[in-house]
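For the numbers below, each heavy atom of this structure counts, side chains included, while hydrogens, waters and symmetry mates do not. A note on names: the letters A, B, ... follow the listed sequences, proteins ahead of strands, and every chain is numbered from 1.
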Amino acid sequence: MPELPEVETIARALAPGLVGRVVVGIEAPDRKVLAAPKTRAAWARAAAGRTVTAVSRRAKLLLVHLGPAPAPGSLPGAPDLDEDTLLFAFHLKMTGRFHIAPTDAPPPAYARLLVRLDDGQSLVFSDMRRFGTARLLTPQALSDWPFYATLGPEPWDMTPEAFEAALSRRTTRIKAVLLDQTVMAGIGNIYADESLFAAGIRPDTPAKSLSAGQRQKLLAAVQAVIGRAIAAGGSTIRDYRTPDGVEGGFQHQFTVYGKAGEPCPGCRAVLVAAKVAGRTSTFCPHCQK
DNA sequence: CATACGACCTGAGTGC
DNA sequence: TGCACTCAGGTCGTAT
């Protein structure tokens, strides 16, 4: 699913309906989504009575911030979840979606986790392919989570110097480096292909063989592409929607992603698809070197 | 340590 | 209509 621009769009759309609401219950029709803690009881006990204070994003994670419980502490079982503040950390993986829907309405298809709110609405996390995960944790536990702790900077926080250093020591292909969340966070298959086209770089080029100028151009391309995608509300290929069911708009600006066999928007040569880093990659064999 | 690749799931689309 | 097959926005565990 969703890469950085889609999760950012969702976070912005969810905030108005969630901030200030009190969690009155949790339901998990599919326990597989509960990555930590793993029991429904622990989720319900730790979250109930807490107020949503903010909705944010880091990399492709959606974070829902919760304030103190009315009567914190003293309950047995999971003392670390009696902290003043907790977070829901959702990873949407390929097909995760969010909905805000009336609690008394039938749940959306593939509903995996439902957060009942005090205004008669529910935040529903749905996920057809069941790759998505939800965590309920303290700010400290979030920082200690290895996936979170090893995330690289957001694209606009990446400095040319750090990008140069990361690429110059990698032997693998540049596409794999862009997809590596520990180098820079938030890039997935769509935005990797779009950025590589914008920078005129083939996806299978070894990272360390790029020139300094090419690396500079690539970082600028990533930042520009991600920025334009956020402005367009993300990209809808199939499943992605905002919580209101609205599609993104950036798919109409794709230059190469999903366009193998079509003419290159720059030179009209036929765009080519190849497997790079295990992912289908589309590029122009003429414009990208 | 870095890299490569199958596994995890369910469905949509294609071709026979 | 049915079946077999391929592909899909991401990460993780295991093998090399």
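Checked against a 6.0 Å centroid threshold, the rings of A:F98 and A:F90 count as neighbours.
Across the protein-nucleic acid pair, A:D193 atom CG and C:dA8 atom C1' stand 14 Å apart, rounded to whole Å. In this structure, the CG atom of A:D239 is 12 Å from the P atom of C:dG10, given to the nearest Å. Put simply, CG on A:L178 is 12 Å from P on C:dG10, counting in whole angstrom units. The distance between atom CD of A:E3 and atom C1' of C:dA8, rounded to the nearest whole Å, is 12 Å. Atom C1' of nucleotide C:dA8 and atom CG of A:L92 are separated by 15 Å, given to the nearest angstrom. Atom CG in A:D180 sits roughly 13 Å away from atom C1' in B:dA4 (whole-Å rounding).
The pair A:R40-A:E27 fails the salt-bridge criterion, with no side-chain N (NZ, NE, NH1 or NH2) lying under 4.0 Å from an Asp/Glu carboxylate O.
With contacts defined as side-chain heavy-atom distances shorter than 4.5 Å, the pair A:L61/A:F147 qualifies.
At a threshold of 4.0 angstrom between heavy atoms, the contacts of A:Y257 are confined to the sugar-phosphate backbone, with no base atom among them. Across all strands shown, A:T280 has heavy atoms under 4.0 Å from sugar-phosphate atoms exclusively, and none from any base. A:D127 comes within 4.0 angstrom of no nucleic acid atom, judged by non-hydrogen atoms across all strands.
With both ends at atom P, the span from C:dT14 to B:dC9 equals 15 Å, rounded to whole Å.
Closest approach of A:E6 and A:Y240 over heavy atoms only: CB-CE1, 3.4 Å.
When distances run from any side-chain atom of A:M94 to the nucleotides C:dG10, B:dA4, B:dA2, the shortest one goes to C:dG10.
The side chain of A:T172 contributes an N or O atom lying less than 4.0 Å from OP1 or OP2 of B:dA4. One finds a side-chain N or O of A:R170 lying less than 4.0 angstrom from the OP1 or OP2 phosphate oxygen of B:dT3.
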Protein proximity profile, nucleotides 7-13 of chain B - base contact B, sugar-phosphate-only contact S, no contact -, cut-off 4.0 Å on heavy atoms: -BBBSS-
Base versus backbone protein contacts along nucleotides 11-16 of chain C [heavy-atom cut-off under 4.0 Å; B, S, -]: SS----
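Heavy atoms of other residues, nucleotides or ligands lying less than 6.0 angstrom from CD of A:Q216 number 12 at most.
B:dT14 is paired with C:dA4 under the Watson-Crick or G-U wobble criterion, all donor-acceptor distances under 3.5 Å.
Note that CD1 of A:I10 is 11.0 Å distant from CZ of A:R57, once rounded to the nearest 0.5 Å. Between the SG atom of A:C284 and the CD atom of A:E262 there is a distance of 13.0 Å, given to the nearest 0.5 Å. Rounding to the nearest 0.5 Å places CG of A:L114 at 9.5 Å from NE2 of A:H99.
A side-chain donor from one of A:S56 and A:H65 sits under 3.5 Å from a side-chain acceptor of the other.
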